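Just so we're clear, the structure is a prediction, and the values are computed from it rather than from any experiment.
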Amino acid sequence: MRLLIAVALLIAAPWPSPAQTLAPAPPAATLNPAEMEKFLVDGRIIKKKESSKGVTSAYRVTLSNGVLTHDAQVQNWDVAKPFFDVGPKHTEVNFKDSYRYNVAAYRLAVLLGLDNVPMSVERNVDGKPTAVTWWLDDVMDEGDRRKKKISHSNSLRVSDYYGVMFVFDELIQNRDRNAGNILWSPDSKMWLIDHTRAFRLGRDFLNPANLTRVERSLFEKMRALDRQAFTDSVGKTLTKDEIEALFIRRDKLVQLFDQKITTLGEDKILYTIR
């Protein structure tokens, strides 16, 4: 299936020094999404570089089709365990950590009209089914931003994107959002990556206190999300039970925000990214 969404490619620009705020990025160039998808699926790997971050054996490659050259992340991690100790006080039952959730997260983002989850496709690399994800240039993860004490150029926009992230992560029940998989471009656009521990079967919210408001277009598209269209889009990247759990959470999210709108009014709950 060809994914009909224009995906922005960030033009490289230097990050400011720690004492500065992030300067707005120049206008983004665009690439036809069908061409981008074909490039990720068919591009020849001409260079490989191991990653020093993360625990899922993801690595960075350079792809080329003879005309275009660009980097991508390759991830073939696919682990399932009946029990997994996530922390000293939490054990997860039926634990899964899989590359396929990166592909599913991107396809869902497209259906929701979100443009801040990078394109991820499934292809075989070295004989293994793999998620190949478009590499984002000129971004910094939240952990590095804090460490270098770099301020955002648009704090209102940052708050708006956090609202999107909170809703999206509840919808997919993402159990591994952290400072390493929240990326920022210089214009304060948040990019969400690495969703290998999402799409759990839980039906309840993980962090309901974060669900105070919802971006207007996201709310409308989430309400209108069609089960058959979604099932066709994600293909074999999600199981029937994972899809069922997602739609139960969708219904609860819609009900929650409808109640908030009734009580507090649309202007307090719905917003558009600034």
Worksheet item: In Å and rounded to the nearest 0.5 Å, what is the NZ to CZ distance from Lys81 to Phe95?
Response: 6.5 Å
Worksheet item: Within a radius of less than 6.0 Å around CG of Asp42, do more than 12 heavy atoms belonging to other residues, nucleotides or ligands occur?
Response: yes
Item to complete: Kindly determine whether Lys240 and Glu244 satisfy side-chain contact (heavy atoms from CB on, under 4.5 Å), including the steps that lead there.
Response: CA-CA 6 Å; Lys240 181 179 179 181; Glu244 176 65 21; 5.7 Å; no
Discussion item. Would the distance check show the side chain of Arg107 and the main-chain N or O of Ser233 forming a donor-acceptor pair, the cut-off being under 3.5 Å?
Written reply: yes
Worksheet entry | Donor-acceptor contact present, side-chain Arg123 to main-chain Gly43, <3.5 Å | yes
Practice prompt. Return yes if some donor-acceptor pair links the side-chain N/O of Arg250 with the main-chain N/O of Leu225 below 3.5 Å, else return no.
Written response: yes
Worksheet item: If you look at every heavy atom in Tyr101 and Thr196, which pair is closest and at what distance?
Response: CD1-O, 3.1 Å
Worksheet item: Does Leu108 share a hydrophobic cluster with Val103, counting links as ILVMFWY side-chain heavy atoms below 4.5 Å and allowing steps through other members?
Response: no
Discussion item. Please report the interatomic distance CD1(Ile269) to CD1(Ile261), rounded to the nearest 0.5 Å.
Written reply: 6.5 Å
Worksheet item: Would you say Asp251's side chain and Ile248's backbone share a donor-acceptor pair under 3.5 angstrom?
Response: no
Worksheet entry | Partner of Leu183 by side-chain contact (heavy atoms from CB on, under 4.5 Å), out of Asp141, Leu192, Asp194, Asp144 | Asp141
Worksheet item: Has the side chain of Glu215 got a donor or acceptor atom that lies under 3.5 Å from a matching backbone atom of Leu218?
Response: yes
Worksheet item: Please walk me through it: do Phe205 and Leu256 pass side-chain contact (heavy atoms from CB on, under 4.5 Å)?
Response: CA-CA 11 Å; Phe205 300 138; Leu256 173 68; 4.0 Å; yes
Worksheet item: From Phe257 CZ over to Thr262 OG1, what is the distance, rounded to the nearest 0.5 angstrom?
Response: 13.0 Å
Practice prompt. Starting at CG of Asp85, measure out to CD of Glu92 and round the result to the nearest 0.5 Å.
Written response: 10.5 Å
Worksheet item: So, for Leu270 and Arg216, which heavy atoms are closest and what is the spacing to 0.1 Å?
Response: CD1-NH1, 3.6 Å
Item to complete: For the pair Arg249 (side chain) and Gly202 (backbone), establish whether a donor and an acceptor sit closer than 3.5 Å, ignoring hydrogens and angles.
Response: yes
Discussion item. Tell me the closest heavy-atom pair linking Arg223 and Val254, and the distance in Å.
Written reply: NH1-CG1, 3.5 Å
Worksheet entry | Least distance between heavy atoms, His195 atom then Asn102 atom | N-OD1, 2.6 Å
Practice prompt. May I ask whether Val41 and Tyr106 are part of the same hydrophobic cluster, defined by side-chain heavy atoms of I, L, V, M, F, W, Y residues being less than 4.5 angstrom apart, directly or through others?
Written response: yes
Item to complete: Could you tell me whether the side chain of Thr239 and the main chain of Glu242 form a donor-acceptor pair under 3.5 Å?
Response: yes
Worksheet entry | Gap separating the CG atom of Leu206 from the CD atom of Gln173, nearest 0.5 angstrom | 4.5 Å
Discussion item. In the structure I gave you, are the side-chain heavy atoms of Met165 and Phe168 within less than 4.5 Å of one another anywhere?
Written reply: no
Discussion item. Whether Glu170 and Lys252 form a salt bridge (side-chain N of Lys/Arg under 4.0 Å from carboxylate O of Asp/Glu) is what I want to check.
Written reply: no
Worksheet item: Between Asp71 and Thr62, what is the shortest heavy-atom contact and its length?
Response: OD1-OG1, 2.7 Å
Worksheet item: Do Phe230 and Leu246 have side-chain heavy atoms sitting under 4.5 Å apart?
Response: yes
Worksheet, complete the sentence: Of Val125, Thr130, Asn124, the one forming a side-chain contact (heavy atoms from CB on, under 4.5 Å) with Lys128 is Thr130
Worksheet, complete the sentence: Smallest heavy-atom separation, His70 atom then Trp135 atom, equals NE2-O, 2.8 Å
Practice prompt. Would you check if Ser159 and Arg213 make a side-chain contact, meaning some heavy-atom pair closer than 4.5 Å?
Written response: yes
Item to complete: Output, in order, the C-alpha distance, side-chain angles, deciding distance and verdict of side-chain contact (heavy atoms from CB on, under 4.5 Å) for Lys221 and Leu114.
Response: CA-CA 10 Å; Lys221 289 183 180 297; Leu114 300 178; over 6 Å; no
Discussion item. Is any side-chain heavy atom of Lys38 closer than 4.5 Å to one of Asn65?
Written reply: no
Worksheet item: In Å, rounded to the nearest 0.5 Å, how long is the span from CG of Asp160 to CZ of Arg274?
Response: 4.0 Å
Item to complete: Assess whether atom CZ of Arg203 is packed by more than 12 heavy atoms of other residues, nucleotides or ligands within 6.0 Å.
Response: no
Worksheet item: Considering the options Thr133, Leu40, Ile193, which one meets the side-chain contact (heavy atoms from CB on, under 4.5 Å) requirement together with Ser120?
Response: Thr133
Discussion item. So does Ser64 get a backbone contact from the side chain of Arg44, meaning a donor-acceptor N/O pair under 3.5 Å?
Written reply: no
Discussion item. Do Leu201 and Leu238 sit in one hydrophobic cluster, given that two such residues count as connected whenever their side-chain heavy atoms are within less than 4.5 Å of each other, even indirectly?
Written reply: no
Item to complete: Could you check whether the rings of Trp184 and Tyr161 sit parallel, tilted or perpendicular, using 30° and 60° as the cut-offs?
Response: perpendicular
Practice prompt. Check whether any side-chain heavy atom of Asn32 lies under 4.5 Å from a side-chain heavy atom of Phe39, and answer yes or no.
Written response: no
Worksheet item: Do the side chain of Arg145 and the main chain of Ile150 share a donor and acceptor less than 3.5 angstrom apart?
Response: yes
Worksheet item: Mind checking whether Val214 and Lys260 have side chains closer than 4.5 Å, heavy atoms only?
Response: no
Item to complete: Kindly work out whether a path of hydrophobic side-chain contacts (I/L/V/M/F/W/Y, heavy atoms less than 4.5 Å apart) joins Phe219 to Phe247.
Response: yes
Worksheet item: Any donor and acceptor pair, going by atom type alone, linking the side chain of Arg200 with main-chain N or O of Lys96 inside 3.5 Å?
Response: yes
Discussion item. Checking Asp176 against Asn178: is there a side-chain donor and acceptor pair closer than 3.5 Å?
Written reply: yes
Worksheet entry | Chi angles and distances behind the side-chain contact (heavy atoms from CB on, under 4.5 Å) call for Phe199, Thr237 | CA-CA 10 Å; Phe199 297 99; Thr237 62; over 6 Å; no
Worksheet item: Is the shortest heavy-atom distance from the side chain of Ile273 to the side chain of Arg157 under 4.5 Å?
Response: yes
Worksheet item: If you group Ile, Leu, Val, Met, Phe, Trp and Tyr by side-chain heavy-atom gaps below 4.5 Å, do Val234 and Tyr99 land in one group?
Response: no
Worksheet item: Can you name the one residue among Asn210, Thr212, Asn207 that meets side-chain contact (heavy atoms from CB on, under 4.5 Å) with Phe166?
Response: Asn210
Worksheet item: Run the salt bridge (charged side-chain N to carboxylate O under 4.0 Å, His left out) check on Arg146 and Glu142 step by step: do they pass?
Response: CA-CA 6 Å; Arg146 295 175 188 172; Glu142 174 64 8; 2.8 Å; yes
